[in-house]
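Worksheet: the structure to be examined is printed underneath.
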Amino acid sequence: MLKKKLAGIVLVGAIVCSVPVAAFAENVQGDATASATSKFHPIKQLLLEKAQAFGISTDGKTNKEIKTELKAAGTAKHTEHLNAAAAKLGISTDGKTAEQLKTEIQAAVTVKLQAKATKLGVSTDGLTNKELKAALKAAKEAKKAAKEAKKSEAVNKKAAKLGISTDGKTTEQVYAEIESALQAKWAKKAAK
């Protein structure tokens with residue numbers, strides 16, 4: 001009797017457990033079928049978007065054909081950029097490979113950066129082009145700040161001569177007050 005009860009419990013347990021598993025399996029199969037029939041392929045979608053960006057028609061083409069055209073378009077775009085950069089720097093492109101142009105462009109950029117550095121008094125020793133660009137940017141900002149400080153000092157001196165307070169005012173505000181004071185002074189002189 002105990003064996004019959006135990007067998008009955010095991011049988012009921014197996015039935016209870018198998019129902020959710022069967023339902024889950026059906027849902028998984030249904031989802032797989034739905035996704036297979038939806039025709040959404042992320043790689044194909046990416047290729048279509050890239051092709052559209054390059055203006056390449058994809059009608060009736062395989063992924064491989066689209067990839068080949070994208071690669072050619074990318075190479076052409078790269079060459080176009082190199083030619084434009086070379087022209088801007090006065091470098092002839094006749095008979096040169098993309099790699100040769102790239103090397104000449106990098107060399108010309110280095111020369112230009114070094115010339116700018118010399119003009120601004122920035123040392124180029126051991127600096128890469130990227131580091132040199134950062135140093136030039138910092139030097140330009142420092143030069144601009146010094147120029148602004150000099151301008152502010154000159155405006156403040158003129159304001160002091162005219163008896164204008166500069167406390168809590170920007171250089172532009174003080175300058176506007178100086179202009180107004182000078183115009184009033186000139187108007188008085190003209191009226192005499």
Rounded to the nearest 0.5 Å, what separation is found between the [atom1] atom of [X] and the [atom2] atom of [Y]?
X: I105; Y: T110; atom1: CD1; atom2: OG1; answer: 11.5 Å
X: T58; Y: L47; atom1: OG1; atom2: CG; answer: 9.5 Å
X: N156; Y: I164; atom1: CG; atom2: CD1; answer: 10.5 Å
X: D125; Y: L132; atom1: CG; atom2: CG; answer: 10.5 Å
X: K44; Y: L46; atom1: NZ; atom2: CG; answer: 12.0 Å
X: K96; Y: T103; atom1: NZ; atom2: OG1; answer: 10.5 Å

Nearest atoms (heavy-atom pairs only) where [X] meets [Y]:
X: Y175; Y: V155; result: N-CG1, 3.9 Å
X: T124; Y: A117; result: CG2-CB, 3.4 Å
X: E131; Y: T128; result: OE1-N, 2.9 Å
X: A159; Y: I178; result: N-CD1, 3.7 Å
X: A73; Y: F54; result: CB-CD2, 3.6 Å
X: S92; Y: L101; result: O-CD2, 4.0 Å

[X] versus [Y]: any side-chain heavy-atom pair under 4.5 Å?
X: I66; Y: I56; value: no
X: L162; Y: L182; value: yes
X: L113; Y: L136; value: yes

For [range], pull every pair meeting salt bridge (Lys or Arg N to Asp or Glu O under 4.0 Å), keeping only residues two or more places apart or in separate chains.
range: residues 49-59; answer: none
range: residues 143-153; answer: E153-K157
range: residues 172-191; answer: K169-E177
range: residues 66-92; answer: K61-E69

**OP:** Mark yes when over 12 heavy atoms from residues, nucleotides or ligands other than Q52 sit less than 6.0 Å from its CD; otherwise mark no.
**Re:**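 Open: at most 12 neighbouring heavy atoms sit under 6.0 Å from CD of Q52.
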Subject >> Within 6.0 angstrom of K133 NZ, more than 12 heavy atoms from elsewhere >> reply: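 For K133, atom NZ is not crowded (no more than 12 foreign heavy atoms under 6.0 Å).
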Original post:
Does A138 have any side-chain contact (heavy atoms from CB on, under 4.5 Å) partners at least two apart in sequence or in another chain, and if so, which?
Top reply: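 So A138 forms no side-chain contact (heavy atoms from CB on, under 4.5 Å) with any residue.
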Original post:
How would you list, by chain and number, every residue that makes a side-chain contact (heavy atoms from CB on, under 4.5 Å) with S180, sequence neighbours excluded?
Top reply: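 In terms of side-chain contact (heavy atoms from CB on, under 4.5 Å), with neighbours along the sequence ignored, S180 is linked to no residue.
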Original post:
Same hydrophobic cluster for V109 and L120, using side-chain heavy-atom links shorter than 4.5 Å among ILVMFWY?
Top reply: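 Same hydrophobic cluster.
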